[in-house]
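To start, the structure itself, in structure tokens.
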Amino acid sequence: MKRVAQLSIVLLLILAVVAASGCTSSKGRKLVKEGYLTIGTEAEFAPFEVRLGDGSFYGFDIALGEAIAKELGLKVDYIDTDFAGIILSLNSGKFDIAMSAMTITEERKKSINFSDPYFDTGLSLAVPANSPVQKLDDLDGKIIGVQLGTTGDLYASSLKNVREIKRYPHAPDAFLDMKNGKVDAVINDDVVSKPIVAKDPNSFKIISGLLTIEQYGIAVPKDNEALLQKINAALKKIKEDGTYDNIYDQYIIHYSAE
Ligand code: ARG
């Protein structure tokens with residue numbers, strides 16, 4: 001009996017070692033740059049990610065990414081990338097994770113994993129200040145501007161009677177064209193459109209009421225389960241210890257309902 005017990009302890013130990021090594025070899029991936037958490041982002045999306053005059057990265061996602069890297073004992077490095085190709089670039093190993101105000105969708109989940117949600121928002125409709133548009137139906141026959149490959153693009157693409165959808169590489173370009181009269185409405189993340197409209201209320205307004213409810217997540221390659229777990233643990237800690245709230249207060253302006 002004693003023998004059997006000893007043997008099973010040895011077997012258990014062997015199993016534990018095999019399981020542990022399996023975690024690092026088959027479920028992990030090497031960091032793109034040792035000592036760094038390399039993060040891909042499309043940095044023309046204030047207040048989440050923008051480039052300052054000196055080229056440095058700034059915004060909610062940037063600060064959150066730094067806080068996460070710190071929890072992981074890593075420095076942080078940002079790579080500015082196309083939003084439409086961000087999942088492909090992530091999966092091809094250009095960066096370790098993507099943080100780009102990315103909405104968690106079932107479709108995207110087929111090719112990447114998402115962290116736990118870290119931000120709630122949704123799409124809204126922005127129109128010129130003097131526009132007669134009041135609701136979705138009023139978009140019939142109109143030209144809609146969106147950022148290419150975004151949930152705004154998907155939403156606009158599902159509308160039946162619009163005249164044309166203009167897809168821009170960067171969201172602010174859609175607003176610029178709306179200001180120049182080339183676009184009748186922009187469908188974009190509300191938390192991003194609000195500050196653009198607030199800065200230029202003579203040109204734009206937002207139709208109140210969200211078109212969708214969305215949550216942002218951090219994208220991690222499917223073969224890096226180990227990193228996904230570390231990121232979720234870091235996010236949890238950051239939410240609990242007040243770091244998340246500080247970042248929120250620093251970057252997100254609360255606009256009272258119109
Ligand atoms: N939340 C939207 C989406 O996931 C838009 C994100 C665009 N992000 C950016 N950094 N440009 O499709």
Side-chain angles (χ1 to χ4, degrees), residues 16-104 108-109 111-119 149 170 215-252:
V17 169
V18 169
S21 62
C23 282
T24 47
S25 60
S26 67
K27 288 188 175 171
R29 235 196 212 203
K30 273 181 87 178
L31 290 170
V32 169
K33 195 161 105 191
E34 209 187 319
Y36 285 83
L37 184 63
T38 304
I39 304 180
T41 191
E42 189 280 306
E44 288 198 38
F45 212 61
F48 288 88
E49 39 265 338
V50 280
R51 306 288 290 271
L52 299 180
D54 64 359
S56 62
F57 290 80
Y58 177 87
F60 182 97
D61 281 343
I62 308 304
L64 189 64
E66 263 159 31
I68 289 171
K70 204 170 154 206
E71 287 296 324
L72 271 51
L74 297 169
K75 289 189 204 140
V76 76
D77 200 21
Y78 284 94
I79 293 183
D80 207 344
T81 191
D82 272 356
F83 188 79
I86 200 162
I87 291 182
L88 269 178
S89 302
L90 173 65
N91 280 335
S92 70
K94 271 182 74 183
F95 22 86
D96 301 312
I97 60 172
M99 283 185 80
S100 200
M102 242 176 127
T103 301
I104 300 172
R108 289 172 182 164
K109 274 199 215 162
S111 41
I112 40 144
N113 282 331
F114 278 107
S115 70
D116 294 332
Y118 69 88
F119 201 94
H170 310 290
Q215 291 187 306
Y216 295 161
I218 299 169
V220 183
K222 279 210 187 279
D223 61 2
N224 210 348
E225 187 73 30
L227 184 60
L228 180 68
Q229 280 168 18
K230 284 188 201 160
I231 284 178
N232 278 335
L235 253 184
K236 188 161 177 273
K237 164 111 196 296
I238 287 165
K239 280 188 187 160
E240 279 165 8
D241 72 8
T243 307
Y244 181 93
D245 289 341
N246 286 340
I247 295 174
Y248 197 101
D249 291 344
Q250 186 177 347
Y251 294 97
I252 309 297

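- For the atom pair CD of Gln250 and CG of Asp245, the computed distance is 13.0 Å after rounding to the nearest 0.5 Å.
- When all heavy atoms of Ile252 and Pro47 are compared, the pair lying nearest together is CD1-CG, 3.8 Å.
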Could you walk me through whether Lys109 and Ile104 satisfy the side chain to side chain contact (heavy atoms under 4.5 Å, CB included) test, starting with their C-alpha distance in whole Å, then the side-chain angles of each, then the deciding distance to 0.1 Å, before giving a yes or no? CA-CA 7 Å; Lys109 274 199 215 162; Ile104 300 172; 3.7 Å; yes
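- No side-chain donor-acceptor contact under 3.5 Å links Asp61 to the backbone of Glu49.
- A 6.0 Å sphere centred on NZ of Lys75 holds no more than 12 heavy atoms belonging to other residues, nucleotides or ligands.
- Residues Tyr36 and Asp96 fail the side-chain proximity criterion, which asks for heavy atoms closer than 4.5 Å.
- Considering only heavy atoms from C-beta on, Tyr118 comes within 4.5 Å of Leu64 through its side chain.
- When side chains are defined from C-beta on, Ile87 counts as touching Met102, because their heavy atoms get closer than 4.5 Å.
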Can Ile238 and Glu71 be said to form a side chain to side chain contact (heavy atoms under 4.5 Å, CB included), step by step? CA-CA 8 Å; Ile238 287 165; Glu71 287 296 324; 4.1 Å; yes
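- Taking all atoms of both residues into account, the shortest heavy-atom contact from Gly35 to Leu31 is N-CD1, 4.3 Å.
- Within 6.0 Å of NZ in Lys237 there are 12 or fewer heavy atoms belonging to other residues, nucleotides or ligands.
- Using a distance-only test at 3.5 Å, with no hydrogens or angles considered, a donor-acceptor pair links the side chain of Ser100 to the main chain of Glu42.
- Phe95 has its side chain out of reach of Ile39: every pair of non-hydrogen atoms, C-beta onward, lies at least 4.5 Å apart.
- Between the side chain of Asn113 and the main chain of Val220, no donor-acceptor pair closer than 3.5 Å is present.
- Formation of a donor-acceptor pair under 3.5 Å by the Ser56 side chain with backbone atoms of Leu52 is not found in this model.
- Atoms NZ and CG, from Lys30 and Asn224 in turn, are 13.0 Å apart once rounded to the nearest 0.5 Å.
- Within the 3.5 Å criterion, the main-chain N or O of Gly28 finds no donor-acceptor partner in the side chain of Asp223.
- Note: Phe48 and Phe119 meet the aromatic proximity criterion, with ring centroids under 6.0 Å apart.
- Between Tyr251 and Phe60, the ring planes are perpendicular. Angles over 60° get that label, and only those under 30° would be called parallel.
- Remark: the backbone N or O of Ser111 is paired with a side-chain donor or acceptor of Asn91 at under 3.5 angstrom.
- Taking both residues in full, the closest heavy atoms of Glu66 and Val76 are given as CG-CG1, 3.3 Å, listed atom of the first, atom of the second, then distance.
- Of the possible polar contacts, none joining the Asn232 side chain to the Ser115 backbone as a donor-acceptor pair under 3.5 Å is found.
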For Asp116 and Lys236: C-alpha separation, side-chain torsions, deciding distance, then whether salt bridge (Lys or Arg N to Asp or Glu O under 4.0 Å) applies. CA-CA 9 Å; Asp116 294 332; Lys236 188 161 177 273; over 6 Å; no
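- For the pair Arg108 and Phe114, the NZ or CZ position fails the cation-pi test of under 6.0 Å to the six-membered ring centre and within 45 degrees of the ring normal.
- Looking only at side-chain heavy atoms (C-beta outward), Arg29 and Leu227 stay at 4.5 Å or farther from each other.
- Leu37 has its side chain out of reach of Asp77: every pair of non-hydrogen atoms, C-beta onward, lies at least 4.5 Å apart.
- Rounding to the nearest 0.5 Å places CD1 of Ile68 at 6.0 Å from CD1 of Ile97.
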Under the side chain to side chain contact (heavy atoms under 4.5 Å, CB included) criterion, do Tyr58 and Arg51 qualify, and how do the steps go? CA-CA 6 Å; Tyr58 177 87; Arg51 306 288 290 271; over 6 Å; no
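- For the pair Asp241 (side chain) and Thr243 (backbone), a donor-acceptor distance under 3.5 Å is present.
- Remark: side-chain polar atoms of Thr41 are paired, donor with acceptor, to backbone N or O of Met99 under 3.5 angstrom.
- Gly149 and Phe83 get closest at one heavy-atom pair: O-CE2, 3.6 Å.
- Across Leu72 and Ala234, no two heavy atoms sit closer than the pair CD1-CB, 3.8 Å.
- To the nearest 0.5 angstrom, Ile112 atom CD1 is 11.0 Å from Ile218 atom CD1.
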